[in-house]
Amino acid sequence: MLTEDLFKEMSQSITDGEAEKAAELAKQAVEMGIDPLEAINKGFVAGVNFVGDQFSCGLMFLPELVMAGEAMKAAVAVLEPELAKRGTERRMLGKVVLCTVEGDIHEIGKTLVGTMLSATGFQVFDMGVDVPIMKLVEKAREVGADIVAMSALLTTTMVHQKDVIEALEDVGMRSKVKVMVGGAPVTQEWVKQIGADGYSEDAIGAVKVARQLLGV
Ligand code: B1M
């Protein structure tokens with residue numbers, strides 16, 4: 001198969017949300033000796049961008065976005081070890097410590113945000129769900145995070161986004177790290193109220209916001 005045709009199929013596999021096919025095409029690229037970075041950027045990212053744009057216009061919906069994210073994850077999982085072997089690490093855009101806040105076990109949106117951020121080139125430390133405030137702050141310190149990103153789906157747990165910002169202030173880290181929040185009940189008004197740096201309604205927007213916050 002021609003490289004250009006392979007790239008088209010890669011993009012299509014993401015648009016179709018076919019994780020197995022995406023992983024298969026990634027393996028094919030490795031066998032053909034294609035630069036894994038090129039396969040990600042010219043093949044799979046084209047598909048992710050397409051799905052993101054369609055989603056933004058209301059022409060694709062959440063299930064398609066979730067499946068595209070999963071397919072992208074499957075492809076990147078095959079290619080990342082190859083990148084490391086070749087020493088062609090992707091340009092790292094910044095370190096993000098991500099979680100769903102304490103008391104909240106909703107994980108789907110948070111995971112989607114993490115997938116999109118790492119597919120774009122951020123190094124994501126996904127701490128999972130129901131993450132205690134100080135555990136998050138400690139992780140941000142340990143890895144030297146550029147961004148602390150918090151998801152909350154409940155009106156009763158979104159207050160912990162504020163608690164984390166206060167804890168970052170208390171330990172003297174607030175000026176060194178950007179804070180991004182999201183989740184269904186989060187609004188721009190809430191962002192202002194708690195003094196966060198950025199907010200997005202969806203995972204595609206989260207990537208844009210993260211890039212803006214770090215100027216990358
Ligand atoms: Co629950 N739940 N749930 N739930 N749940 C909601 C959130 C609820 C709105 C349903 C409802 O009543 N209509 C309601 C909250 C009401 C409120 O607080 N106002 C609710 C409730 C009440 C509860 C329980 C309390 C129910 C109970 O036990 N009585 C309980 C709480 C458990 C807990 O957390 N302690 C509970 C439990 C659960 C399940 C475990 C069953 C399950 C979660 C499974 C899982 O995650 N593994 C669940 C589900 C599935 C939902 C709904 C139906 C769907 C959530 C979801 O996954 N959406 C939800 C109703 C709804 O949202 N329509 C509901 C899909 C996901 C892709 O979207 O997470 O919004 P979302 O993420 C989006 C954006 O918000 C944004 O990008 C994502 C992608 O576009 N985003 C970010 C998210 N995080 C971001 C971070 C960013 C930026 C953008 O930057 C950092």
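We number each residue from 1, following the sequence as shown. As the structure lists them, so they are numbered: ligands from 1, and atoms in each ligand from 1.
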**Request:** Give every protein N, O or S atom lying under 2.8 Å from atom 1 (Co) of ligand 1, naming each by residue and atom.
**Result:** His106 NE2

**Request:** Compute the minimum heavy-atom distance from Thr156 to ligand 1 and say whether it is under 4.0 Å.
**Result:** no

**Prompt:** Does the side-chain contact (heavy atoms from CB on, under 4.5 Å) test come out yes or no for Leu214 and Phe122, once each step is laid out?
**Reply:** CA-CA 11 Å; Leu214 301 187; Phe122 287 91; 3.9 Å; yes

**Message:** Could you tell me if the side chain of Val76 sits less than 4.5 Å from the side chain of Lys73, heavy atoms only?
**Reply:** no

**Request:** Tell me which part of Val129 gets within contact of ligand 1: side chain, backbone, both or neither, using heavy atoms under 4.0 Å.
**Result:** neither

Pairs of donor and acceptor atoms involving the side chains of residues 3-11, under 3.5 Å and at least two apart or interchain, shall be tabulated with distances.
residue : atom : partner : partner atom : Å
Glu9    : OE1  : Lys21   : NZ           : 3.3
Ser11   : OG   : Gly47   : N            : 3.3

**Request:** Ignoring angles and geometry beyond distance, decide whether Thr155 reaches within less than 3.5 Å of ligand 1 through its nitrogen or oxygen atoms.
**Result:** yes

**Asked** Can you check whether Phe61's main-chain N or O pairs, donor with acceptor, with Glu64's side chain at less than 3.5 Å?
**Response** yes

Distance-only donor-acceptor hits, side chain of residues 192-199, under 3.5 Å, sequence neighbours excluded:
residue : atom : partner : partner atom : Å
Asp197  : OD1  : Arg174  : NH2          : 3.2
Asp197  : OD2  : Arg174  : NH1          : 3.2
Asp197  : OD2  : Arg174  : NH2          : 3.0
Asp197  : OD2  : Val179  : N            : 2.7
Tyr199  : OH   : Val186  : O            : 3.2

**Item:** Distance from atom 89 (C) of ligand 1 to nearest protein heavy atom, with residue and atom
**Value:** Ser200 O, 3.3 Å

**Prompt:** Within less than 4.0 angstrom of ligand 1, does Gly103 place any heavy atom?
**Reply:** yes

**Request:** May I ask you to check whether over 12 heavy atoms, not counting those of Glu166, lie within 6.0 Å of atom CD?
**Result:** yes

**Message:** Checking contacts now, so for atom 32 (C) of ligand 1, which I'm interested in, is there any protein heavy atom under 4.0 Å?
**Reply:** yes

Could you give the side-chain donor-acceptor pairs of residues 127-156 under 3.5 Å, partners two or more places apart or in another chain?
residue : atom : partner : partner atom : Å
Asp130  : OD1  : Gly103  : N            : 2.7
Asp146  : OD2  : Lys95   : N            : 2.7

**Request:** Give the contacting part of Asp202 toward ligand 1: side chain, backbone, both or neither, where contact means a heavy-atom distance below 4.0 Å.
**Result:** both

**Message:** Would Phe55 count as being in polar contact with ligand 1, using the rule that some N or O on each side must be under 3.5 angstrom apart?
**Reply:** no

